[in-house]
Amino acid sequence: MATETLKSTTGASGASGLRRLLLDNGALTALIVLVIAMSALSGDFMTTDNLLNVGVQAAVTAILAFGVTFVIVSAGIDLSVGSVAALSATVLAWSATSEGMPVFLAVLLAIATGIACGLVNGILISYGKLPPFIATLAMLSVARGLSLVISQGSPIAFPDSVSHLGDTLGGWLPVPVLVMVGMGLITAFVLGRTYIGRSMYAIGGNEEAARLSGLRVKKQKLAIYAFSGLFAAAAGIVLAARLSSAQPQAAQGYELDAIAAVVIGGASLAGGTGKASGTLIGALILAVLRNGLNLLSVSAFWQQVVIGVVIALAVLLDTVRRKAGATPVAAGASQGGKGKQAATYVLAAVVAAALVGAMSFLHTGSSEAKSQKIGLSLSTLNNPFFVQIRAGAQAEAKKLGVDLTVTDAQNDASQQANQLQNFTSEGLGTIIVNPVDSDAVTPAAKAVNKSDIPLVAVDRSVNNATTAALVASDNVTGGKLAAKSLAEKLGGKGKIVILQGQAGTSASRERGSGFAEGLKAYPGIEVVAKQPADWDRTKGLDVMTNLLQANPDIDGVFAENDEMALGAIKALGSKAGKSVQVIGFDGTTDGLKAVEAGTLYASVAQQPTELGRIAVQNAVKAAEGDKVEKSVMVPVKVVTKENVAGFTG
């Protein structure tokens, strides 16, 4: 009986120990499962190049997340890190190029900028008594605005000496990965070995108790948010180095990825728990998900759904872990725990390597014809124009019998660089890119060139890299045509406003410069206001409504795309097409309907469906080694009510 009881107890203890291990290392377990699943589903995942891609793609998020870890451990939140990263990179590029400052001093100034933003957050929270959510939300807007002010909305080339941070050592080891590891070690040291680290856990566990025990909570919070700003600056510099330019709109939404990585890694939003290794694992999980889903050709829209579900499950796991009494990760929680933790990581690595090795046999001997696979990276799918490019490309791919994978960069140059890296790892026959920005895509495009995969650009060119073909309309010429058409409609005189696209994008710059050039021939036309509406119909409505308050007597509107033009028409109401003439750009389906109805005077149509179709045709030719034209220009056409019926797009 005693023996049976002992066996039962031992078995229960073993089961309890396994359960405890899984609960205490849920993020690591999830990462192992993901790696194994992706290895089983895609033969391209477990290649050396692709694993290095995953590391590079996780780097910026991980560095941001390390800084956010300090804040979340102390029961705070920081929504400003993405904007602070962009501002710090912009300050570095501007001071080193426009102001001629030595690069070393420019780097110090960029880091000081990040720390200063963090200190302002800390002051507002500690002494201004603002909730962290509100204080950092305000900094998110301020830092982004300052980035746009300094850069004037245009990317600034990064100094060559700093751009090496985006390169590789020995031709294979990415520098961003080394920076990520270094920042992770610093985070682990601060959390586990310093007074400020122990203070973070104490404040997060019970701020009032920490204050009564003698901690100077207000000063500690200043240091905590300064750390977050410092890490955001480092992330911004690494991101800009990857893109070889400081993008004023870079790192949008990265604060959410950083927070997600920290939470997925086991930290609690209630404060008091969290560790550097968990944050790194959380960032790797997000990178593996995005990389793997790209390799599996999962829709960009479904990718967002999957990542959202993973974040929700991570928070749910945190709740389950707390209810089950899992060991919280806090300062001083050693008791041999660190040795056990190291052993756990080693064991996990061995198990994962063994299982992945076994999975690799599933793909041995695969003879899939990669030459018949094409990747298309679009700058965004949140715009009818690019949706029509995709439709044209998909129709032509189906007709030619080739496999087309389409990804959505969501107007994020860094995410587009990741997508091109993933396509390169797959060894596709051809890659088509519609750049978020012609300069920012250059480093990723050069990597494609090195892999000997033909690269085709559509709608926008790729600067300083080799493309087999450019299939595009001329945005500058289109802008000139828009100016000519609007000026002639107004009889050569009148007041107009301009709705600009997203600041910093090449399409906005080119259309705007073409329109300005075209207006020089009409001195009677006065531009009374111009404001960005970010290519968005709703923002076009809001911005136009605001501009009408100050300029009620305008005669015309030029919107740099049809979506903003449609928003402007809504704001103008009965004036549209009568006392106020509106001209758009792109020739989208909704835009042409408005032209037919007479509310939109004209649209400079680019025939997006045709762009997509011709891009795929040239991609297939390039993959097969056939000769293709270096530049294929699809004519732009001013479509008015008189000729809209015969326009097919």
Side-chain angles (χ1 to χ4, degrees), residues 58-74 76-95 106-125 132-133 135-148 150-151 158 162 165-166 176 179-180 182-184 186-187 190-191 200 221-243 246-262 267 274 276 279-280 282-283 286 412 414:
V60 173
T61 298
I63 295 169
L64 283 175
F66 288 139
V68 173
T69 302
F70 299 132
V71 177
I72 289 180
V73 163
S74 60
I77 198 76
D78 192 347
L79 300 177
S80 67
V81 291
S83 295
V84 172
L87 175 60
S88 298
T90 301
V91 166
L92 193 164
W94 168 77
S95 57
V107 171
L108 291 180
L109 182 59
I111 293 172
T113 299
I115 294 173
C117 291
L119 285 173
V120 171
N121 283 335
I123 291 170
L124 291 174
I125 293 164
F133 183 92
T136 58
L137 183 62
M139 181 55 72
L140 177 152
S141 182
V142 169
R144 183 68 64 184
L146 287 174
S147 178
L148 289 166
I150 293 170
S151 66
F158 227 49
V162 186
L165 282 174
V179 176
M180 174 182 69
M183 300 303 279
I186 292 172
T187 304
V190 170
L191 287 174
M200 292 175 192
K221 283 189 175 181
L222 286 180
I224 290 167
Y225 282 93
F227 265 121
S228 182
L230 169 64
F231 277 66
I237 293 170
V238 171
L239 175 59
R242 280 194 68 201
L243 303 176
Q247 304 278 323
Q249 294 284 13
Q252 285 199 52
Y254 280 36
E255 56 278 344
L256 300 181
D257 276 359
I259 293 169
V262 178
T279 296
L280 176 60
L286 292 176
D412 183 344
S414 176

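Below, each value reflects all heavy atoms present in this structure, side chains not excepted, and no hydrogens, waters or symmetry copies. Keep in mind the model is a prediction, meaning the values are calculated, not measured. Start at 1 with the first residue, then count along the sequence.
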Check [X] against [Y] and note the closest heavy-atom contact, atom names and distance.
X: Pro176; Y: Ala59; result: O-CB, 3.6 Å
X: Ala283; Y: Ala261; result: N-CB, 3.6 Å
X: Arg144; Y: Pro248; result: NH1-O, 3.0 Å
X: Gly236; Y: Ala89; result: O-CB, 3.5 Å
X: Phe66; Y: Ala276; result: CE2-O, 3.5 Å
X: Leu64; Y: Ala85; result: CD2-CB, 4.3 Å

Gap separating the [atom1] atom of [X] from the [atom2] atom of [Y], nearest 0.5 angstrom:
X: Leu92; Y: Trp94; atom1: CG; atom2: CH2; value: 11.5 Å
X: Ile186; Y: Leu230; atom1: CD1; atom2: CG; value: 8.0 Å
X: Ile72; Y: Ile259; atom1: CD1; atom2: CD1; value: 5.5 Å

Counting only pairs under 3.5 Å, give me each side-chain donor-acceptor contact of residues 109-123, with atom names and distances, residues two or more places apart or in other chains.
{"from": "Thr113", "atom 1": "OG1", "to": "Leu109", "atom 2": "O", "distance (Å)": "2.8"}
{"from": "Asn121", "atom 1": "ND2", "to": "Ser80", "atom 2": "OG", "distance (Å)": "3.1"}

### Task
Evaluate the side chain to side chain contact (heavy atoms under 4.5 Å, CB included) criterion for residues Thr69 and Phe231: first the C-alpha distance (whole Å), next the side-chain angles of each, then the deciding distance (0.1 Å), finally the verdict.
CA-CA 10 Å; Thr69 302; Phe231 277 66; over 6 Å; no

Considering only heavy atoms from C-beta outward, does the side chain of [X] approach that of [Y] to under 4.5 Å?
X: Arg242; Y: Ser414; value: yes
X: Gln247; Y: Leu239; value: no
X: Val73; Y: Ile224; value: no

Given the options Ile63, Val162, Val60, Ile237 meets side chain to side chain contact (heavy atoms under 4.5 Å, CB included) only with Val162

Looking at Val81, Val71, Leu79, which one forms a side chain to side chain contact (heavy atoms under 4.5 Å, CB included) with Thr136?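 That would be Leu79.
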
**Request:** Verify side chain to side chain contact (heavy atoms under 4.5 Å, CB included) between Thr187 and Thr279, making sure each step is shown before the conclusion.
**Result:** CA-CA 10 Å; Thr187 304; Thr279 296; over 6 Å; no

**Request:** Any chance you could lay out the side chain to side chain contact (heavy atoms under 4.5 Å, CB included) test for Met200 and Val190, step after step, and finish with the verdict?
**Result:** CA-CA 10 Å; Met200 292 175 192; Val190 170; 4.2 Å; yes

Assess the side chains of Ser151 and Thr90: does a donor N or O sit below 3.5 Å from an acceptor N or O?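 Distance-only check fails for Ser151 and Thr90.
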
What residues, two or more places apart in sequence or in another chain, satisfy ring-ring contact (aromatic ring centres under 6.0 Å, His included) together with Phe227?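 Listed in chain order: Phe70.
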
> Which is it for Gln249 and Leu148 under the side chain to side chain contact (heavy atoms under 4.5 Å, CB included) test, yes or no, and what are the steps along the way?
Replying inline: CA-CA 8 Å; Gln249 294 284 13; Leu148 289 166; 3.9 Å; yes

Salt bridge (charged side-chain N to carboxylate O under 4.0 Å, His left out) pairs, two or more places apart, involving residues 251-262: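 Qualifying pairs: Asp257-Arg290.
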
